[in-house]
2 protein chains.
Amino acid sequence: MAQKDTVDRILDAAEALFAERGFAETSLRTITSTANVNLAAVNYHFGSKKALIQAVFVRFLEPLADSLTLRLDDAEAEAKELSLDDLLVLLSKAILSAHGDDVTRTASFMRLLGLAYTQSQGHLRDYLSERYGRVSKRYLDVLRPACPELSDTDLFWNTHFALGAAVFSLSNYGALEAMLSDDSGEESKVQNVIRRLLAFISAGVKISL
Amino acid sequence: MAQKDTVDRILDAAEALFAERGFAETSLRTITSTANVNLAAVNYHFGSKKALIQAVFVRFLEPLADSLTLRLDDAEAEAKELSLDDLLVLLSKAILSAHGDDVTRTASFMRLLGLAYTQSQGHLRDYLSERYGRVSKRYLDVLRPACPELSDTDLFWNTHFALGAAVFSLSNYGALEAMLSDDSGEESKVQNVIRRLLAFISAGVKISL
DNA sequence: CCCGTTTGCAAACGTATGTTTCAAACATCT
DNA sequence: AGATGTTTGAAACATACGTTTGCAAACGGG
């Protein structure tokens, strides 16, 4: 089929539109007309708007969880001690590689993650933490021995500070980039910001009160 | 009058409801019934829902901007060099003191700030940056010489990483605190988290690529 | 006390939304 | 080819929303 499947076209449109306008601000009519699909198709294929939102997240997070699991398996197979920076790079590579190093789409999806946190969307938080709780817990378990000098409370808050820095800056990447004078190099700007972010996080996470 | 003024009751209800559910997800009917006020009162006193949202932000940010300006005046009057940590403490004290050290309300309002960033709400971003651009620019101007070893690009990204860490963690403070085992000391937990946050930011901002 | 203005209230209006319906088009299998 | 199950399409439905209206009550200066 020359045209992509209806389901995928809906998911593509929904992912992009949600990211730039939020969930409640994006109507099914906008989504379906962007996707060149009949309005009823969303309820037919997904059942409801809520379910569509969940499907958008699952389509992105499933490969990410797989990629992360795989890399953690590899790392543990080598049985070497993983440093904090090793783990940060591992995570960022897992995220980026999960969708063919499409940095734009990844940054756009980070915006969705930010929305999922701030916007109440209770059903989403419950669903995601139920579905991906195991992977994130495993990552944290590996992170724990990489920061032996930190107490559990230190680590807890520092990781959430780091998560905030990542989600916030990447989800607002578009707006932030526009504020910069364009004298900086053109190529792979996002990559550079990610390098900056990792350095920032690496320094912060090591702090204990 | 025993009852607070209608305008204030609306603002109180709107601030709390917006913070916990988002802008689009909070209807005027929910706001007015929470405030025990007639539905039409919002459009009468504020003109529109958009204007109400702006008014909520102005009521909170105006004292904050004043407090920050005052403290910057004092600091510059002493003509001492302000270190990065001095400036972080100055800012956090300005934020907290602006509303009688009501940490709960401050944390709740941080959530609103996060929403203002993530949800498109273009009118809000424009309005706020037009109204408070001068104060924030002044703070950044003082911050600049406190980090002499950083390039402008370094400083730009690091401050936004820091902002993300702050907004995200404080705006989700309620949910995060609930995840912690309650063995930690009861008193002034928020204050402790703010101390942690400042240490985290202080370490991260100093990083250059 | 009166009258112009402000505030409060109930009801309605117009619109946009998520969802449902049901018949037509399509695909798949025997 | 014909029957059967799946997918699309246009239209309608029910509801929730922001906003407006019309009028009564309260207020305040002359």
Side-chain angles (χ1 to χ4, degrees), chain A residues 1-59 112 115-116 119-124 126-127, chain B residues 1-59 112 115-116 119-124 126-127:
Chain A
M1 185 190 288
Q3 288 267 50
K4 280 173 79 176
D5 198 35
T6 301
V7 170
D8 281 320
R9 291 221 307 284
I10 293 177
L11 286 172
D12 288 341
E15 181 177 311
L17 289 168
F18 284 154
E20 75 180 39
R21 312 151 71 134
F23 301 114
E25 296 83 354
T26 306
S27 71
L28 291 187
R29 284 169 175 81
T30 309
I31 294 173
T32 51
S33 71
T34 301
N36 280 316
V37 152
N38 189 270
L39 168 62
V42 167
N43 283 281
Y44 175 75
H45 285 286
F46 298 94
S48 69
K49 187 181 182 181
K50 276 187 183 179
L52 169 62
I53 295 175
Q54 291 183 354
V56 167
F57 275 83
V58 167
R59 185 177 67 149
L112 281 189
L115 285 179
Q119 218 148 320
S120 75
Q121 295 292 354
H123 68 101
L124 231 188
D126 296 345
Y127 180 71
Chain B
M1 182 191 288
Q3 288 267 50
K4 280 173 80 176
D5 199 35
T6 301
V7 170
D8 281 320
R9 290 221 308 284
I10 293 177
L11 286 172
D12 289 341
E15 181 177 311
L17 288 169
F18 285 153
E20 73 180 42
R21 310 150 72 132
F23 302 113
E25 296 83 354
T26 306
S27 71
L28 291 186
R29 285 170 175 81
T30 307
I31 294 172
T32 51
S33 72
T34 301
N36 280 317
V37 152
N38 188 270
L39 168 62
V42 168
N43 283 280
Y44 175 75
H45 286 286
F46 298 94
S48 68
K49 186 181 182 181
K50 277 187 183 180
L52 169 62
I53 295 175
Q54 291 183 354
V56 167
F57 276 83
V58 168
R59 185 177 65 150
L112 280 189
L115 285 180
Q119 306 204 194
S120 71
Q121 294 292 354
H123 68 101
L124 229 189
D126 296 346
Y127 180 72

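Lettering follows sequence order; numbering is per chain, from 1. FYI, side chains are in, hydrogens and waters are out, and symmetry mates aren't considered; it's all heavy atoms of this structure.
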What pairs of nitrogen or oxygen atoms, one from the protein and one from nucleotides 5-7 of chain C, lie under 3.5 Å apart?
residue	atom	partner	partner atom	Å
C:dT7	OP2	B:Tyr44	OH	3.1

Atom pairs, protein N/O to nucleotides 9-11 of chain C N/O, distance under 3.5 Å:
residue	atom	partner	partner atom	Å
C:dA10	N7	B:Asn38	ND2	3.4

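As a whole-Å value, the separation of A:Arg29 CZ from C:dT17 C1' is 6 Å. In this structure, the CD atom of B:Glu25 is 19 Å from the P atom of C:dA16, given to the nearest Å. Distance A:Asp8 CG to D:dT7 P: 14 Å, rounded to the nearest Å. Atom CD1 of B:Ile31 is separated from atom P of D:dT19 by 11 Å (rounded to the nearest Å). As a whole-Å value, the separation of A:Asp5 CG from D:dT6 P is 15 Å. Across the protein-nucleic acid pair, B:Leu28 atom CG and D:dC17 atom C1' stand 8 Å apart, rounded to whole Å. The distance from atom CZ of B:Phe46 to atom P of C:dG8 is 11 Å, rounded to the nearest whole Å.
You'll find the side chain of A:Lys49 stays beyond 4.5 Å of the side chain of A:Val42, heavy atoms only. For the pair A:Leu28 and A:Asn43, the minimum side-chain heavy-atom distance is below 4.5 Å. The closest side-chain heavy-atom distance from A:Asp12 to A:Arg59 is below 4.5 Å.
OP1 or OP2 of D:dC17 has at least one side-chain nitrogen or oxygen of B:Ser27 nearer than 4.0 Å. Distances shorter than 4.0 Å separate none of the side-chain N or O atoms of B:Asn43 from OP1 or OP2 on D:dG18.
When every heavy atom of A:Leu124 is checked against every heavy atom of A:Ala116, the shortest pair comes out as CD1-CB, 4.0 Å. A pairwise comparison of heavy atoms in B:Ala40 and B:Asn38 identifies N-OD1, 2.9 Å as the closest pair.
Under a 3.5 Å cut-off, the side chain of B:Arg9 and the backbone N or O of B:Asn36 do form a donor-acceptor pair. With A:Thr26 contributing its side chain and A:Gly22 its backbone, the two residues share a donor-acceptor pair below 3.5 Å.
If you check every strand for non-hydrogen atoms under 4.0 Å, B:Thr30 touches nothing.
Atom CD in A:Gln54 sits 7.5 Å away from atom OG in A:Ser48 (nearest 0.5 Å). Within the model, atoms CG of B:Leu115 and CZ of B:Phe23 stand 5.0 Å from one another, a figure rounded to the nearest 0.5 Å.
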